Amino acid sequence: MSASKGKVLVTGGAGFIGSHVCEAYRNTGWSVTALDDLSSGRRENVPEGVELVEMDIRSEDVGSLLAGRGFEIVNHHAAQIDVRVSVARPTHDASINIHGLLNLLEGARAGDVRRFVFVSSGGVVYGEPDTLPVPETAPKKPLSPYGVSKMTGEHYLYFYRKVHGLEAISLRYSNVYGPRQDPHGEAGVVAIFCDLLHAGESITIFGDGEQTRDYVYVGDVARANLLASEQPLADPRDIDDVAFNVGTGRETSVNELAEILMDTSGRSVEVVRSEARPGELMRNALDTGKLNGLGWRPERTLAEGLERTYASIAGVR
């Protein structure tokens, strides 16, 4: 391995996406520390050679950690990510996603961190889009406390850049899937379907199944984080200047997803139809032209990514 490029702290580094981001940093020469309270992350997800600090992002100790370790970059993946939880418990969502973020930002400022990479959401911040694929400049119409907290985070980052000089960049993810995604708890539909297919159990599709999402492979997302960490940033005029959609630009319906996964796994199970869930987003796909302009492209096709994901989940069940 080459000499270290510098030190990076990845919050949520024991989680599904965060652990892949840790791995990508490590493989390209960074000295990596993962911060995770292990409420949903797993110790075994943390890649070899990455230090794990078990800590809540709201802890008073976060300031001391950031002030004394010489981190160049903070990459912030730790979050409350369940939309339903945010609706039922908005103060809990704000405690983690807003107060926790501010705790990290104050620590980053005290510790002279150069850049803060923030994970936002390309699904919830735009709401039901007027045009597809959705560009970064589209109207922001979050319909859940989770979406509001992510949008609020982007505004706080803009403030810290303008007032305190902290470089900040936001990555608005579409639906991320891949190995290490837990099919239980806060799982996405890909992991849930993979788990049920492997067990030979029926899968449930809500509504007519024609609702669409933009599914992006976690390895491609990790590469976007590397680019966001090293890309020169101009002084932003607004939050969209330093925000980048991370997706494929392609819509895939839930019905199509189920068909591809059955074909990939070689298993066929009963499809149970259930009532549509109130307030569910009907269509989404992200315009990634800005990120493409920096040299990033998704490398995995959906079929390839789903094959890898199913093999991973089937192997750990």
Side-chain angles (χ1 to χ4, degrees), residues 7-26 30-71 73-111 113 116-121 124 144-146 148-150 152-153 156-157 170-171 173 176 178-188 191 218 221-222 225 316:
K7 294 182 178 181
V8 56
L9 178 71
V10 181
T11 73
F16 157 49
I17 303 174
S19 64
H20 284 275
V21 171
C22 284
E23 196 168 45
Y25 277 122
R26 181 205 63 185
W30 289 87
S31 174
V32 188
T33 300
L35 185 150
D36 203 298
D37 67 0
L38 301 182
S39 58
S40 59
R42 296 181 175 182
R43 193 179 300 274
E44 57 267 30
N45 283 346
V46 179
E48 183 178 353
V50 173
E51 178 189 4
L52 173 64
V53 175
E54 190 174 345
M55 187 181 297
D56 191 303
I57 59 172
R58 296 166 291 182
S59 169
E60 293 180 358
D61 295 331
V62 164
S64 299
L65 176 70
L66 284 165
R69 298 284 291 270
F71 292 111
I73 292 174
V74 171
N75 183 298
H76 182 36
H77 275 76
Q80 191 299 112
I81 65 170
D82 194 314
V83 170
R84 293 165 299 178
V85 169
S86 79
V87 172
R89 302 173 61 196
T91 56
H92 172 70
D93 182 87
S95 172
I96 298 171
N97 291 349
I98 297 178
H99 296 161
L101 169 64
L102 285 170
N103 197 34
L104 287 164
L105 286 169
E106 282 296 286
R109 184 164 69 93
V113 170
F116 199 101
V117 180
F118 176 66
V119 175
S120 187
S121 171
V124 297
S144 67
Y146 171 64
V148 171
S149 70
K150 285 299 182 182
T152 300
Y156 269 119
L157 262 65
S170 298
L171 298 177
Y173 290 173
V176 185
R180 298 181 204 149
Q181 190 170 25
D182 189 344
H184 308 288
E186 299 171 340
V218 68
V221 171
N225 277 266
V316 300

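Predicted model, so just to flag it, every value in this text is computed and none were measured.
Heavy atoms only, all atoms of each residue included: Leu171 and Val117 are closest at CD1-CG1, 4.0 Å. Between Leu35 and Ile57 the shortest heavy-atom distance is CD2-CG2, 3.8 Å. The two residues Ala108 and Phe116 come nearest to each other via the heavy atoms CB-CD1, 4.3 Å. For the residue pair Gly13 and Asp36, the shortest heavy atom distance occurs at N-OD2, 3.6 Å. Here the closest heavy-atom approach between residue Val218 and residue Gly178 is recorded as CG1-CA, 4.0 Å. Residues Leu157 and Ser170 come closest through the heavy atom pair CD2-OG, 4.1 Å.
Remark: the backbone N or O of Ser19 is not paired with any side-chain donor or acceptor of Asn45 at under 3.5 angstrom. No donor-acceptor pair under 3.5 Å is formed between the side chain of Asp93 and the backbone N or O of Arg89. Although no hydrogens or angles enter the test, the distance criterion places no donor-acceptor pair under 3.5 Å between the side chain of Lys150 and the main chain of Val124. In terms of modelled atom types and a separation under 3.5 Å, the side chain of Ser95 and the main chain of Thr91 share no donor-acceptor contact. Remark: side-chain polar atoms of Ser86 are not paired, donor with acceptor, to backbone N or O of Ser144 under 3.5 angstrom.
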*Verdict with supporting geometry, Tyr25 and Val50, side chain to side chain contact (heavy atoms under 4.5 Å, CB included)*: CA-CA 10 Å; Tyr25 277 122; Val50 173; over 6 Å; no
*Show the numbers, then the answer: is there a side chain to side chain contact (heavy atoms under 4.5 Å, CB included) between Arg58 and Ile96?*
CA-CA 7 Å; Arg58 296 166 291 182; Ile96 298 171; 3.6 Å; yes
*Could you walk me through whether Thr33 and Lys7 pass the side chain to side chain contact (heavy atoms under 4.5 Å, CB included) test, one step at a time?*
CA-CA 8 Å; Thr33 300; Lys7 294 182 178 181; over 6 Å; no
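The line from CD1 of Ile81 to OG of Ser40 is 6.5 Å long, rounded to the nearest 0.5 Å. Annotation: the span from Cys22 atom SG to Glu48 atom CD amounts to 14.0 Å, rounded to 0.5 Å. The CG atom of Leu105 lies 8.5 Å from the CZ atom of Phe118; values are rounded to the nearest 0.5 Å. The line from CD of Gln181 to NE2 of His20 is 9.0 Å long, rounded to the nearest 0.5 Å. Note that the CG atom of Asn103 and the CG atom of Asp61 stand 9.5 Å from one another [nearest 0.5 Å]. Between Thr152 atom OG1 and Leu101 atom CG the span is 9.5 Å, to the nearest 0.5 Å.
Between Leu66 and Phe71 the shortest side-chain heavy-atom distance falls below 4.5 Å. No side-chain heavy atom of Arg180 sits less than 4.5 Å from a side-chain heavy atom of Arg42.
Evaluation of the side chain to side chain contact (heavy atoms under 4.5 Å, CB included) rule for Ala67 yields no partner, not counting sequence neighbours.
Using a 3.5 Å distance cut-off with no hydrogens or angles, the side chains of Asn97 and Ser149 do pair a donor with an acceptor.
Ring orientation note: the planes of His77 and Tyr173 are tilted relative to one another, at an angle of 30° to 60°.
In Glu44, the CD atom is crowded: over 12 heavy atoms of neighbouring residues, nucleotides or ligands sit closer than 6.0 Å.
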